[in-house]
Amino acid sequence: MRTWTAVVVAGALLATGACGTKLQETPSSSAAPKTLVYWGKWAKGTPQATLFESVIADYTKQTGVKVDVQWLAQGQEDQVKNAIATGQGPDFYDTAIDHTAGFRAAGALGDMSAVFKTKIPGEGKTIEEVLPKSVLKAISDDKGYGFVPHSVFSIGLWYDSSRYPDFAPKTFDDFLQLAVMEKAGKRQPIAQDGTINSYNAFWLYQVLLTTAGPGTLRQLAEDPAAWDRPEVKKAVTSIEALVKAKLFQTDYMATKFPAGQNAWAAGDHTFNLNGSWLGSETASLRAASVKPRIVPLPPVDPAKGSVVTVGALGWAVNPNSKNPQAAADFLAFAMQKKNIDRIATDAANIPSRSDSPAPVELISIQESIRNATDVSLDFDGLAAVNPKWFNDVFLPLDDKLIGGKIDAETFLREGKAQTGAMVG
Amino acid sequence: MAASTTPGGALHVARRRLYLPMLLPALLAYLVFFVVPSLFGVVLSFGEWSGLGTEFSWVGLANYTGLLTSELFVASFLNTLLLTVIVGGVLFLIAAASMVVLRTARAGAFIRSAIFLPFMISPIAVGLAVSFLFNPEGVINTALEVTGLSELRRPWLGPDLIFQVIMAGVVWSAAGFYVVLVMSAVDGIPPSLFEVARIEGAGPLQQFRYITLPLTRDMLGIAAALWAIAGIKTFELIIAFVGTAGTPPPEARTLAVEQYLRVTGGRVGGLAQLGEAAAIGVLMTAITAVLIVLSRRIQRRDRLEWA
């Protein structure tokens with residue numbers, strides 16, 4: 001009776017006051033708590049979990065305040081929301097941009113501005129002051145900052161710098177020409193895990209950013225007329241050109257993830273459009289000759305301003321925490337440069353602070369994030385706030401476009417019709 | 001003694017007094033853990049809610065009308081029916097073949113165990129294994145190339161073929177259970193009936209037609225009902241094909257997958273649509289009930305006894 005599983009769980013939660021999610025009582029003392037409770041998403045033993053445990057140990061040593069961390073891994077967000085909704089839960093917890101809307105809706109996220117004004121020990125600067133403006137913008141919604149970010153990520157074009165040491169195509173067409181030349185040398189240039197629909201959608205979304213700017217996908221989801229915009233058509237026809245050039249590996253729409261990205265790491269293909277996490281994700285499979293680097297996807301129109309997709313991971317404070325000041329103090333301690341630098345060295349990700357260097361393969365995309373004139377959330381944040389349109393209209397149609405099943409014209413016509421039917 | 005157990009007798013009255021206290025714990029557990037949550041689910045299907053801490057609002061029949069007018073949902077509905085009917089048919093054929101062959105086969109017990117083994121494996125593991133086999137560079141395509149059949153090489157996990165591959169995976173995983181189930185009924189048929197039939201010149205197919213099938217109809221009915229429930233709920237194997245990095249393509253979605261997408265809000269933590277998820281649950285339960293009733297009606301007849 002899977003049918004009823006969700007219902008039974010929801011009903012049981014209501015009936016029992018969500019006691020099932022009550023992992024630990026939050027300490028009730030106010031001024032100087034002896035223990036803070038932290039619910040993390042990482043699995044124990046992962047680089048991030050190990051790094052944060054070490055930061056926690058330093059903090060306890062210096063202040064005497066214990067931080068009781070519980071690594072909840074998959075499903076942590078639901079546990080946090082359910083617990084906070086029933087007056088329980090941790091003092092602070094792991095979150096990401098994708099989850100801000102959900103935590104806000106569940107009342108698990110309050111005003112974080114005081115936390116951002118907290119001074120970082122030994123540095124004389126506040127948390128807000130050590131973060132790039134682009135990152136601060138990305139982690140904010142109309143109610144303010146959503147969380148304190150420790151890592152940032154982006155979407156970009158991974159390439160093998162051992163083959164192209166001076167890789168810097170100025171436009172999307174330049175990139176296509178380069179890829180076509182590589183194909184002429186009997187090598188399929190681009191690896192694509194076509195069974196992962198959101199990875200397929202990276203192509204259209206990144207091109208759309210360079211033709212129409214951030215927020216366009218949201219417009220496409222809400223207004224059928226947006227599908228007629230010339231910038232949208234330009235982006236879609238660019239993707240059509242990419243597909244027609246047959247630059248992806250054989251049977252790319254049928255790969256079992258992560259076969260495509262693994263083939264890229266092994267050096268079978270030169271390019272892969274993916275998240276900045278790809279380097280660390282495929283490090284163990286990388287051929288010795290491959291030197292991975294990531295850059296933003298070259299724009300269709302270079303005259304437009306630079307827009308970079310920014311994602312972030314970090315910590316949010318429970319609005320009902322009995323120890324908000326202590327939680328803010330811990331987060332300020334964790335945001336010290338010496339700790340955030342380790343996001344690069346220990347976890348091979350991009351640190352959130354302006355002055356913390358990224359791993360060498362991510363330096364270019366980190367520069368783009370710092371210097372971006374505008375930022376966009378991954379898919380305009382739409383996957384989180386309008387999952388129905390994203391999952392049922394955009395992703396299936398995009399799969400057909402990337403898979404070569406439909407042309408640009410059909411994509412635009414179908415998209416407009418299906419959006420019209422959905423918004424009514 | 002007889003008098004005391006008759007209606008109105010002292011023992012009878014005492015027993016009647018015990019019924020309620022004995023029954024109460026089970027009734028309460030059933031009420032609290034099944035009836036109340038189920039009713040809550042039905043109520044939820046008329047509302048919009050994203051979980052604890054979020055606002056609940058009534059939407060009337062909007063969840064149902066929204067689902068039934070959604071092309072994608074209707075396609076998932078048809079996928080589910082198709083999977084239930086086609087895989088059910090194949091399972092019946094496998095079970096029927098087993099009833100003919102395994103009853104007299106020398107290594108019948110061993111074959112039963114071997115066929116049953118995949119059923120013991122987690123559907124997630126089966127899904128993963130099957131999807132790696134059918135990867136473009138996987139064992140299937142490699143074997144086709146090595147054996148000179150490269151023209152049969154296909155993008156098995158692509159949108160055009162993925163549903164067929166999933167159905168093959170479901171058959172492989174579930175067949176053992178239904179074979180063991182029907183064979184337990186076959187084992188209960190007195191061997192003398194087959195012996196007499198053989199002496200009178202009936203072949204294996206005639207024995208199946210006139211002895212095995214009529215005497216195992218009850219078990220076949222149970223198997224059909226169990227498959228109807230399992231088929232409508234097909235889920236884990238499909239998720240294993242895609243993993244957690246994406247959402248299943250429309251070609252591979254079933255009702256349970258649609259429900260999962262709404263409960264989780266999709267891959268990247270979107271807001272849950274629990275109202276629609278509950279409506280899908282209600283529809284799935286209704287479809288399952290209809291299929292079970294249909295299968296029981298088809299099987300309805302007087303009980304045969306041979307003892």
Side-chain angles (χ1 to χ4, degrees), chain A residues 1-4 6-15 18 74 77-78 81-82 84-86 96 98-99 101-102 105-108 193-199 249-259 263 378-379 383-388 390-392 395-396 399-400 403 405 418 421, chain B residues 32-34 36-38 40-41 44 50-54 69-72 131-132 134-138 154-159 161-162 229 232-233 235 241-247 249-250 256 259 261-263 265-274 276-278 280-282 284-285 288:
Chain A
M1 294 295 288
R2 173 176 308 286
T3 309
W4 294 101
V7 166
V8 169
V9 169
L13 281 172
L14 282 188
Q74 203 75 4
E77 293 88 6
D78 287 335
K81 280 186 257 186
N82 291 338
I84 291 177
T86 52
D98 298 334
H99 296 290
D193 274 305
T195 46
I196 306 301
N197 45 19
S198 54
Y199 284 14
Q249 86 275 19
T250 309
D251 293 339
Y252 61 95
M253 288 303 286
T255 56
K256 171 61 187 163
F257 177 80
D378 204 6
F379 301 117
V385 296
N386 192 350
K388 195 172 172 183
F390 188 71
N391 287 320
D392 292 358
L395 290 180
D399 266 6
K400 287 182 181 168
K405 293 272 180 195
Q418 289 185 27
Chain B
V32 170
F33 294 112
F34 183 74
V36 171
S38 299
F40 176 76
L44 192 55
S50 290
L52 291 178
T54 63
T69 54
S70 157
E71 276 183 31
L72 208 62
S131 58
F132 279 118
F134 285 92
N135 193 43
E137 307 302 329
R154 296 281 184 279
W156 303 105
L157 303 181
L161 293 171
I162 190 166
I229 295 167
I232 295 290
K233 292 193 305 179
F235 170 75
F241 267 73
V242 181
T244 53
T247 50
Q259 189 184 37
L261 289 178
R262 281 161 176 80
V263 167
R267 183 186 69 89
V268 284
L271 291 176
Q273 303 149 271
L274 297 181
E276 277 199 0
I280 294 174
V282 171
M284 285 171 69
T285 308
T288 309

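A note on names: the letters A, B, ... follow the listed sequences, proteins ahead of strands, and every chain is numbered from 1. Here the structure is a predicted model, which means the values were calculated and not measured.
Using a 4.5 Å cut-off between heavy atoms, B:Glu276 touches chain A through its side chain atoms alone. The part of A:Ala259 that comes within reach of chain B is its side chain, from C-beta onward, which places non-hydrogen atoms under 4.5 angstrom from that chain. Neither the backbone nor the side chain of B:Ser50 comes within less than 4.5 Å of any heavy atom in chain A.
Put simply, CD on B:Glu137 and OG1 on A:Thr255 are 10.5 Å apart, with the number rounded to the nearest 0.5 Å. To the nearest 0.5 angstrom, A:Asp392 atom CG is 4.5 Å from B:Leu72 atom CG.
Minimum interatomic distance between A:Pro387 and B:Gln273 (heavy atoms only, all atoms of both residues): CG-OE1, 3.9 Å. Minimum interatomic distance between B:Leu52 and A:Ala106 (heavy atoms only, all atoms of both residues): O-CB, 3.8 Å. The two residues A:Lys256 and B:Pro136 have their closest heavy-atom pair at N-CD, 4.5 Å. Between B:Leu271 and A:Gly102, the shortest heavy-atom distance links the atoms CD2-CA, 3.4 Å.
In terms of modelled atom types and a separation under 3.5 Å, the side chain of A:Asn197 and the main chain of B:Thr247 share a donor-acceptor contact.
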